[in-house]
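Report on the following structure.
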Amino acid sequence: MTIDATHTESELEEFYRDLAAVDLQPLWTITADLLTPTPRPKAVPWLWSAATMKPLARRAIRLVPVERGGERRVLSLQNPGLGGQPYAVGTLWGALQCLGPREKAPAHRHSPGAIRFVLAGEGVFTTVDGDACDMHPGDLVLTPAMNWHDHVNGGDGEMFWFDGLDLPMVAALDGTFFEPWAGPGLNQPEPAEHNVSERTYAGGTRHTDGAVTGPLSPRHSRLMVYRWADTTAQLDRLAAASDAPLLAVEYTDPETGASVMPTLACAVHRVRAGGRSLPVRRAGNAVYVVYSGHGSSVIAGQRFDWGPGDMFAVPSWAPVEHAADEQADLFVLTDTPVLRALGLYREERLAEAQPVTSVFEPR
Ligand code: 1HN
């Protein structure tokens, strides 16, 4: 069959109208970038500063109760590139959550998996399917998919932590399920003993070069809480054995060595005092949370200055490099396990620092 050279312009127009009328779209007229040479995420590099977020979280503690329905006192990171969606990057939810003295957030479970990285305060425990995990600054707590979870502040102070979820991924897959705790009461009963998973599995990080490289696993870690003392001790050991500008550990499933969840990888990147890492870009999105130290990161040519409690988004394939005058610890959440499982993961290490073309001004 060859093209009918005798067709008229109006015949062609009629053909396109007929296609549109029956919900068909010819690929050859689609101008949207379907097949970009490299990932082109809608999310932009962005930073949310603790100086801005924390007073607003405190106002929320004063003004807004934590109740069934709203469920949580959470300020979600809304990436300005994502058209008003409450997502830090296209595949990851990131947020600041807080709980005032003696407050309890009701129990529920859902198919999106979540992690908590504690920023400040004492007194809260998160109960994960009946296991009450005490939370202290620097600890990582897992609430994997469909595990019942609630947060109880048994103390007299306020507490702040970072929430990371795979919710946007699960939503894109139309796989969202949610169930409130049916009772009795709004919370799981507090068990006599806390930290049961920790007694069986404590520890759980592995040295990496910043990339996620362990075995893949469709199951989540059975350890629900990773203590900062273990994480920092491992980073200290690495720092003593290497003079690299950036040292990284990934939190792992202590039984398999895999990432903590099938969808999410968690790591801490320590930037040495005076250290400056070379740029690297990775397929997949990342959210960084500054736990300690001051420094700056260059993301796709833009410099972001940061300090404790700041959070920033590194969208897929944006080159990123870090520098710190004093030692800095960055908690890093990524969707790497999903890209690796699907054969989509790549990374590229650049040989030279990026030229800085602009400096980000936090709001
Ligand atoms: C959730 O269940 C928590 O349990 C935090 O603390 C943030 C964001 C979206 C959906 C569920 C929590 C959440 C969330």
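Atom set for the values below is all heavy atoms of this structure, side chains included, hydrogens, waters and symmetry mates excluded. This structure is a prediction, so every number in the text was calculated from the model and none was measured. Counting starts at 1 for both ligands and their atoms, following the listed order.
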> So which of W306, F304, F312, W48 actually passes ring-ring contact (aromatic ring centres under 6.0 Å, His included) with F360?
Replying inline: F304
Kindly check if the number of other-residue, nucleotide or ligand heavy atoms within 6.0 Å of [atom1] ([X]) is above 12?
{"X": "D209", "atom1": "CG", "value": "yes"}
{"X": "R346", "atom1": "CZ", "value": "no"}
{"X": "E11", "atom1": "CD", "value": "yes"}

> Under a 4.0 Å heavy-atom cut-off, which residues neighbour ligand 1?
Replying inline: R72, V74, W93, Q97, H108, H110, R116, H149, H151, D163, L165, L167
>> Ring-plane angle category for W28 and F15, please: parallel below 30°, perpendicular beyond 60°, tilted otherwise.
In response: parallel
>> Between the side chains of D134 and R227, is the shortest nitrogen-to-carboxylate-oxygen separation below 4.0 Å, so that they form an ion pair?
In response: no
